[in-house]
*Asks:* 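Questions regarding the structure given below will be posed in turn.
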Amino acid sequence: MRVAITGSSGLMGTALRKRLAADGHEIRRIVRHRPQGPAEIGWDPEAHKFDPTALDGVDAVVHLAGVGIGDHRWTAERKKLIRDSRVDGTTTISTAFTAIADPPKVLISASAVGWYGDTGDRQVDETAPPGRGFLAELCETWEAATEPARAAGARVVTIRSGLVLAPNGGIMSRLKPLFSFGLGGKIGSGKQYWPWISLADQIDAICFLLDHDVAGPVNMTGPVPVTNAEFTRVLGSIVHRPALIPVPPFALRAAIGEFADEGVLIGQRAVPAALSKAGFTHTHSTLEQALRWATSG
């Protein structure tokens with residue numbers, strides 16, 4: 001299979017292209033810089049510049065590009081950048097499917113469990129409607145931007161990712177040092193659900209979706225979402241440090257601003273119903289298994 005990937009230098013994209021190459025697939029990296037040979041395709045998503053003919057002969061596109069959501073405080077300018085990097089990029093890729101006679105058969109496009117807003121104790125699967133707030137509205141617009149590819153006949157999958165747990169990078173690069181020094185603890189009330197998935201299972205699931213006839217939204221989460229209090233308890237146990245230092249909401253808001261209320265102090269009790277129905281099996285089916293793997297590096 002010939003697969004084109006955006007965001008191929010990120011945590012998920014790097015792992016995915018290595019896995020696909022190891023499995024014998026041919027990779028085309030969609031990059032912002034000047035292409036360095038036939039394995040790269042150039043694009044400028046902000047300007048909606050992309051040569052659709054570059055997708056000739058490509059079987060599937062995995063679209064993962066987008067600036068980090070929690071990397072900086074949410075100013076009006078930052079929120080615009082977060083939105084534009086996702087919606088403009090998805091629109092650019094998706095529209096390219098309509099401009100060639102034989103477009104790729106599959107588009108797997110990133111999204112997030114932020115779609116659901118704050119679900120409290122309510123369990124949600126892919127049939128749940130969007131919630132409220134900046135992230136929920138972003139995800140709704142982000143996913144809608146895939147419509148041109150769907151209209152062109154592609155099988156479109158929007159992957160709603162939870163917290164991706166990896167040995168190097170992602171949220172664990174922030175949490176592991178804190179907990180290793182005994183500085184970890186629940187955040188806010190600790191009652192908010194943190195849907196998680198190991199990077200290994202995330203990559204396995206994307207590869208599974210490339211080969212299986214699944215379309216529409218897919219929750220990329222582990223089988224059993226847990227509360228923040230349970231997450232921090234298990235992580236503290238694994239690194240042999242008590243998770244006793246809670247982070248009060250006011251301190252978190254002072255440190256990271258609006259993202260605290262949208263991305264950390266609320267949560268989603270999201271379950272991977274679509275993956276389970278399709279027959280996907282997680283390697284790390286419990287939080288403890290996922291965290292032990294993610295802290296092994």
Side-chain angles (χ1 to χ4, degrees), residues 1-72 78 80-112 142 145-146 148-149 152 154-159 161 164 166-170 173 199-200 202-211 220 297:
M1 181 181 292
R2 184 175 293 172
V3 184
I5 306 174
T6 74
S8 62
S9 61
L11 176 69
M12 196 185 310
T14 298
L16 177 63
R17 61 185 169 85
K18 288 181 178 179
R19 164 66 182 278
L20 289 174
D23 288 348
H25 299 291
E26 186 177 340
I27 309 302
R28 294 283 187 272
R29 299 180 63 191
I30 301 176
V31 297
R32 293 172 177 270
H33 58 254
R34 187 179 183 87
Q36 304 296 310
E40 294 187 345
I41 301 169
W43 77 325
D44 183 351
E46 288 85 359
H48 295 273
K49 290 183 178 179
F50 182 78
D51 180 4
T53 62
L55 296 181
D56 283 335
V58 170
D59 300 297
V61 177
V62 182
H63 172 48
L64 304 174
V67 302
I69 288 179
D71 297 350
H72 301 276
R78 183 66 184 179
K80 184 178 186 302
L81 181 60
I82 290 170
R83 182 188 183 282
D84 290 351
S85 71
R86 286 161 173 76
V87 178
D88 288 349
T90 305
T91 300
T92 301
I93 288 294
S94 189
T95 301
F97 278 63
T98 70
I100 52 177
D102 187 21
K105 300 297 187 291
V106 182
L107 171 62
I108 296 179
S109 187
S111 184
W142 189 5
T146 64
R155 176 172 62 87
V156 176
V157 185
T158 50
I159 53 174
S161 296
V164 180
N168 298 296
S173 65
L199 178 62
Q202 179 96 355
I203 299 306
D204 282 350
I206 293 174
C207 293
F208 178 91
L209 292 169
L210 284 170
D211 291 332
M220 288 292 209

*Asks:* Which residues satisfy the side chain to side chain donor-acceptor pair (under 3.5 Å) test with E26, sequence neighbours excluded?
*Replies:* R2, R28
*Asks:* CZ of R83 to CG of D88: how many Å apart, nearest 0.5 Å?
*Replies:* 7.5 Å
*Asks:* Walk me through it: do M220 and L209 pass the test side-chain contact (heavy atoms from CB on, under 4.5 Å)?
*Replies:* CA-CA 11 Å; M220 288 292 209; L209 292 169; 3.8 Å; yes
*Asks:* List the atom of G169, the atom of L11, and the distance in Å for their closest heavy-atom pair.
*Replies:* C-CD2, 4.2 Å
*Asks:* What's the shortest heavy-atom distance between G89 and P45, and which atoms?
*Replies:* CA-CB, 3.8 Å
*Asks:* Minimum heavy-atom separation for R86 and A65, please, with both atom names.
*Replies:* CG-O, 4.4 Å
*Asks:* Output yes when a side-chain donor or acceptor of S111 lies under 3.5 Å from a complementary backbone atom of I159, and no otherwise.
*Replies:* no
*Asks:* K80: what forms a salt bridge (charged side-chain N to carboxylate O under 4.0 Å, His left out) with it, not counting sequence neighbours?
*Replies:* D84
*Asks:* Please list all pairs passing the salt bridge (Lys or Arg N to Asp or Glu O under 4.0 Å) test where one or both residues lie in residues 94-105, with sequence neighbours left out.
*Replies:* D102-K105
*Asks:* Atom NZ of K18 and atom CG of D23: how far apart are they, to the nearest 0.5 Å?
*Replies:* 14.5 Å
*Asks:* Does D51 reach the main-chain N or O of T53 with its side chain, forming a donor-acceptor pair under 3.5 Å?
*Replies:* yes
*Asks:* Please report the interatomic distance CZ(R17) to OG(S8), rounded to the nearest 0.5 Å.
*Replies:* 5.0 Å
*Asks:* Using a 4.5 Å cut-off on heavy atoms from C-beta on, say whether the side chain of T158 contacts that of W142.
*Replies:* no
*Asks:* Considering non-hydrogen atoms only, spot the tightest contact between S85 and V67 and give its length.
*Replies:* OG-N, 3.2 Å
*Asks:* Roughly how far, to the nearest 0.5 Å, is CG of D211 from CD1 of I206?
*Replies:* 12.5 Å
*Asks:* Using a 6.0 Å cut-off, check whether atom CZ of R78 has over 12 heavy atoms from anything other than its own residue.
*Replies:* yes
*Asks:* Go through the steps for M12 and I5 under the test side-chain contact (heavy atoms from CB on, under 4.5 Å), then give the verdict.
*Replies:* CA-CA 11 Å; M12 196 185 310; I5 306 174; over 6 Å; no
*Asks:* Return the set of residues passing side chain to side chain contact (heavy atoms under 4.5 Å, CB included) with T91 (not counting sequence neighbours), or none when no residue passes.
*Replies:* H48, V87, T95, A145
*Asks:* Considering non-hydrogen atoms only, spot the tightest contact between I93 and V61 and give its length.
*Replies:* CG2-CG1, 4.0 Å
*Asks:* Could you check whether any side-chain N or O of S94 sits under 3.5 Å from a backbone N or O of A149, counting only pairs where one atom can act as donor and the other as acceptor?
*Replies:* yes
*Asks:* Report the distance from atom CG of L107 to atom OG1 of T90, rounding to the nearest 0.5 Å.
*Replies:* 8.0 Å
*Asks:* Provide the closest heavy-atom pair for L16 versus C207 in the form atom of the first, atom of the second, distance.
*Replies:* CD1-SG, 4.1 Å
*Asks:* To the nearest 0.5 Å, tell me how far L81 CG sits from I69 CD1.
*Replies:* 11.0 Å
*Asks:* Taking only residues two or more places apart in sequence, or in another chain, which ones meet T6 in a side chain to side chain donor-acceptor pair (under 3.5 Å)?
*Replies:* H63
*Asks:* Within the 4.5 Å heavy-atom criterion, are F97 and P104 side-chain neighbours or not?
*Replies:* yes
*Asks:* Below 3.5 Å, can you tabulate the donor-acceptor pairs from side chains in residues 33-43 to any protein atom, sequence neighbours excluded?
*Replies:*
from, atom 1, to, atom 2, distance (Å)
H33, NE2, E40, OE1, 2.9
Q36, NE2, R34, O, 2.8
E40, OE1, Q36, N, 2.8

*Asks:* Measuring only between side-chain heavy atoms, which start at C-beta, is L210 closer than 4.5 Å to V62?
*Replies:* yes
